[in-house]
Number of protein chains: 4
Amino acid sequence: MKLQLDTKSGVPYYRQIIEQVKVAVAHGRLAPGEQLPTVRRLAVDLSINPNTVVRAYRELEIEGVLETQQGSGTFVGHQRPEIDDLERHRLLDQIVTELLARASSYGFTLDDVLGGLVQRKEASS
Amino acid sequence: MKLQLDTKSGVPYYRQIIEQVKVAVAHGRLAPGEQLPTVRRLAVDLSINPNTVVRAYRELEIEGVLETQQGSGTFVGHQRPEIDDLERHRLLDQIVTELLARASSYGFTLDDVLGGLVQRKEASS
Amino acid sequence: MKLQLDTKSGVPYYRQIIEQVKVAVAHGRLAPGEQLPTVRRLAVDLSINPNTVVRAYRELEIEGVLETQQGSGTFVGHQRPEIDDLERHRLLDQIVTELLARASSYGFTLDDVLGGLVQRKEASS
Amino acid sequence: MKLQLDTKSGVPYYRQIIEQVKVAVAHGRLAPGEQLPTVRRLAVDLSINPNTVVRAYRELEIEGVLETQQGSGTFVGHQRPEIDDLERHRLLDQIVTELLARASSYGFTLDDVLGGLVQRKEASS
DNA sequence: GTGGTCTAGACCACC
DNA sequence: GTGGTCTAGACCACG
């Protein structure tokens, strides 16, 4: 399980953690019962404040995605989170918008970006 | 030029303005030299405070996307930074890599992003 | 770190803050990683509105001179700003111009001012 | 008499004009009775709005630096302010102190300022 | 307690 | 009329 923070996006860290954990669980990359990194460990890995991790884990627990066992750690729950399709669409939209916005700062058009992506797709296939 | 704010996304208004202007420039919907809505006008249109518009325009000016002419208005800038093609492509590549990484950590594939882009392209034509 | 505002020069406060911080960082008087005064603190010290400080810090962050960590403070970035020699020269020129302008309002000539400065130099050595 | 505007400094044009005229008078480059460029002429030369020149001239007239003669033009005034020598020197001292403080907060030393002044003197001779 | 965003409204500078 | 600067003060996000 590898989490990554985007420091430039303006999206709060704890939200990024929540979203990524949820997706990983929904996709099965994190299996029910599997242990997550400890709060301290993850905080160190991501170079953020432990409280931020605590907050993310707490919200995920409230949603039933995670379960904490006092003294032993935090684990993936047995109930799969449902990912809201609408929410998901908005997320993708936001990413695309940011991609285009950043690209345009350097004078790239939508077609330039499209070309770059197609090229990448071909390279990977 | 039509701007719209998403009041529920949690993304700050000024950031939404910035990104939409950049995207419009990337699309060619805003041509170099073209005048943008005045600060007060846009503020009224979007039902927000003029200072919020000022802030967005200001950041866009710092980045070189817009140019302001005291007393007459705000305009799309002419100067696209002249960097050589190789450097340009390295930059685009870097941006794409970064955003794909972010997309993938949310569970999106290259195809998802590609699809989102194509949709934008169609919407604008 | 001691900042000073010149209230008579007509140069905006936020610009003066930006310039002085940049110089201090470039000179090493502010070391990378060092914390700056908090927004509220500096506002009180300079007797200005916190938003004015926010604005200065914000621009410095965009330029990469400062880094802010939500909830903990504002710090000097790890990338040194290069002070454009031209920029620096312009700044000195501006100061000299103002010195002469103010002096001339009272009928002093360039030589009068020069004399005053030389005297001061001797007194200090 | 050659005026130049610094468009990047953030200092208002009319203020730059005022200061440069004052400096020129202090240098003796503009002698009492000498005619200044007409409003329109200077506006064209500096590529600014005539109203901006009008404003600068008006303030200089209020201060007694210039005198306008309706229909014939604007001229350097004859009146030197009369204050006693002691008071005069206290004033000069105060101005110098103030500007040195400002210079030092931008990282300039007394010698830097002195150098700048000497350069002016040479340029004008 | 830190910075971030936004509003409301004043006054200035410039065309 | 345009944008630029600053204040005062509210509320939120984060650590």
Side-chain angles (χ1 to χ4, degrees), chain A residues 5 10-17 39 43 46-56 58-59, chain B residues 5 7 10-18 35-43 46-61 66-75, chain C residues 5 7 10-18 35-43 46-61 66-75, chain D residues 5 7 10-18 43 46-56 59:
Chain A
L5 294 185
V11 179
Y13 297 161
Y14 80 94
R15 240 174 215 285
Q16 294 188 40
I17 296 173
V39 168
L46 300 178
S47 307
I48 59 176
N49 190 298
N51 282 331
T52 307
V53 179
V54 167
R55 177 165 184 182
R58 183 163 25 103
E59 285 203 23
Chain B
L5 294 186
T7 57
V11 179
Y13 297 161
Y14 81 94
R15 226 174 223 283
Q16 293 188 40
I17 296 173
I18 289 174
Q35 178 166 13
L36 277 91
T38 67
V39 168
R40 290 163 172 88
R41 167 79 196 191
L42 186 54
L46 299 177
S47 306
I48 59 176
N49 187 290
N51 279 330
T52 307
V53 179
V54 165
R55 179 169 181 179
Y57 278 10
R58 174 170 196 79
E59 277 198 33
L60 285 164
E61 198 198 351
L66 300 184
E67 290 171 6
T68 66
Q69 287 170 23
Q70 259 288 21
S72 66
T74 306
F75 304 82
Chain C
L5 293 186
T7 57
V11 179
Y13 296 162
Y14 81 93
R15 235 173 217 282
Q16 294 187 41
I17 296 173
I18 289 174
Q35 180 166 12
L36 276 91
T38 66
V39 169
R40 290 162 174 88
R41 168 78 197 192
L42 186 54
L46 299 178
S47 306
I48 59 175
N49 188 290
N51 279 330
T52 306
V53 178
V54 165
R55 178 168 183 181
Y57 278 10
R58 175 171 196 78
E59 281 200 29
L60 284 164
E61 198 198 352
L66 300 183
E67 290 170 5
T68 67
Q69 287 171 23
Q70 257 289 19
S72 65
T74 307
F75 303 83
Chain D
L5 296 184
T7 58
V11 180
Y13 296 161
Y14 80 97
R15 224 175 223 281
Q16 293 189 41
I17 295 173
I18 289 173
L46 299 177
S47 307
I48 60 175
N49 190 296
N51 282 331
T52 307
V53 179
V54 167
R55 178 162 186 184
E59 286 204 22

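Residue numbers begin at 1 in each chain, while the letters A, B, ... track the order of the sequences. Quick caveat, the model's predicted, so the values are computed rather than measured.
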Grab the [atom1]-[atom2] distance between [X] and [N] for me, whole Å please.
X	N	atom1	atom2	result
B:R58	F:dG3	CZ	P	14 Å
C:L60	E:dG3	CG	P	14 Å
C:E61	E:dT2	CD	P	17 Å
B:F75	F:dG3	CZ	P	9 Å
B:E67	F:dG3	CD	C1'	15 Å
C:Q35	E:dG1	CD	C1'	11 Å
A:L46	F:dG15	CG	C1'	15 Å
B:Y57	F:dT5	OH	P	17 Å

Is any side-chain heavy atom of [Y] closer than 4.5 Å to one of [X]?
X	Y	value
D:I17	D:L46	yes
B:E59	C:E59	no
A:V39	A:N51	no
B:I48	B:L5	yes
C:Y14	C:V53	no
C:T38	C:T74	no

Tell me, with the steps shown, if B:L66 and B:L36 meet side-chain contact (heavy atoms from CB on, under 4.5 Å). CA-CA 9 Å; B:L66 300 184; B:L36 277 91; 3.5 Å; yes
Using only atom types and a distance under 3.5 Å, with no angle test, would you say the side chain of C:Q69 pairs donor to acceptor with the backbone of C:F75? no
Is there a donor-acceptor contact under 3.5 Å from the side chain of C:Q35 to the main chain of C:G73? no
Below 3.5 Å is the cut-off: list the nitrogen or oxygen pairs between protein and nucleotides 12-15 of chain E, distance only.
unit_1 : atom_1 : unit_2 : atom_2 : d
E:dA13 : OP1    : D:Y14  : OH     : 3.0
E:dA13 : OP2    : D:R55  : NH2    : 2.8
E:dC14 : OP1    : D:Y13  : N      : 2.7
E:dC15 : OP2    : D:T52  : OG1    : 2.6

Does C:R41 put a side-chain nitrogen or oxygen below 4.0 Å from OP1 or OP2 of E:dG1? no
Below 4.0 Å: OP1/OP2 of E:dG4 and any side-chain N or O of C:T68: yes
Please, what dot-bracket string fits DNA chain E when only Watson-Crick and G-U pairs with both distances under 3.5 Å count, crossing ones use [ ] and pairs to another strand use |? ||||||||||||||.
